[in-house]
Amino acid sequence: VLMDLLYHYIDELRAEAKQRGIRINVLSTDESKIPKHIKHKIRQMVAETSANTQFTLNICLSYGGRGEIVHACTSIVQKVQNNQLKVQDIDEDIFSQHLYLQDNPDVIIRTS
């Protein structure tokens, strides 16, 4: 049902964002749960708003915080295995660089 609502309103959101100069990012830890027809519209919306600079709207869709942590850890491990990073150099800054957003958002609205 939620994906149907997104599909119904995504064109309206894209047009409004373009008009107001809003850049839209969509973050997902499990894109396999997003139907293909919606992925297409999401890619279009992200691409068409990518140059906007007034404000950035981050939409977390099929997202889980634990999934993002696992992704960050996996990326760091790969760099260590490829000798691109030393274990002793891993700190909070390095970890933050591997998260989906490096800057802290101003507002977070979380649904359960």
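Every value quoted in this text rests on a predicted model; they were computed, and no experiment measured them.
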Residues 67-77 side chain polar contacts: donor-acceptor under 3.5 Å, at least two apart:
from  : atom 1 : to     : atom 2 : distance (Å)
Glu68 : OE1    : Tyr63  : OH     : 2.3
Glu68 : OE2    : Tyr100 : N      : 2.6
Thr74 : OG1    : Val70  : O      : 2.8
Ser75 : OG     : His71  : O      : 3.0

Got a list of side-chain donor-acceptor pairs under 3.5 Å for residues 13-21, not counting sequence neighbours?
from  : atom 1 : to    : atom 2 : distance (Å)
Arg14 : NH1    : Glu48 : OE1    : 3.0
Arg14 : NH2    : Asp11 : OD1    : 3.1
Glu16 : OE2    : Arg20 : NE     : 2.3
Glu16 : OE2    : Arg20 : NH2    : 3.0
Lys18 : NZ     : Glu48 : OE1    : 3.1

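For Leu5, the side-chain contact (heavy atoms from CB on, under 4.5 Å) test picks out Leu2, Tyr9, with sequence neighbours left out. Considering only residues two or more places apart in sequence or on other chains, His37 meets the ring-ring contact (aromatic ring centres under 6.0 Å, His included) condition with Tyr7. Looking at residues two or more places apart in sequence or on another chain, you find no side-chain contact (heavy atoms from CB on, under 4.5 Å) involving Lys36.
To the nearest 0.5 angstrom, Asn58 atom CG is 8.0 Å from Arg23 atom CZ. Interatomic distance, CZ of Arg43 versus CD1 of Ile38, reported as 12.0 Å (0.5 Å rounding). Atoms OG and CG, from Ser96 and Asp103 in turn, are 10.0 Å apart once rounded to the nearest 0.5 Å. Here the CG-CD1 distance, from Leu57 to Ile24, works out to 5.5 Å after rounding to the nearest 0.5 Å.
Leu6 and Leu27 are members of different hydrophobic clusters when ILVMFWY side chains are connected at heavy-atom separations under 4.5 Å. No path of Ile, Leu, Val, Met, Phe, Trp and Tyr side chains, each step under 4.5 Å between heavy atoms, connects Leu61 with Leu101, placing them in separate hydrophobic clusters.
The 12-atom threshold is not exceeded at CD of Glu12, counting heavy atoms of other residues, nucleotides or ligands nearer than 6.0 Å. Other residues, nucleotides and ligands place no more than 12 heavy atoms under 6.0 Å from the NZ atom of Lys33.
A pairwise comparison of heavy atoms in His98 and Ile94 identifies ND1-O, 2.8 Å as the closest pair. Contact between Ile22 and Asn52 at its shortest, heavy atoms only, is O-ND2, 2.9 Å.
In this structure, the side chains of Ile10 and Ile42 come closer than 4.5 Å at one or more pairs of heavy atoms. Residues Val80 and Ile90 form a side-chain contact, since some pair of their non-hydrogen atoms from C-beta on lies under 4.5 Å apart.
Judged as a salt bridge (Lys or Arg N to Asp or Glu O under 4.0 Å), not a single pair has a partner in residues 76-98 (not counting sequence neighbours).
Judged by distance alone, with hydrogens and angles left aside, the side-chain atoms of Ser62 form no donor-acceptor pair with the main-chain N or O of Glu31 at under 3.5 Å.
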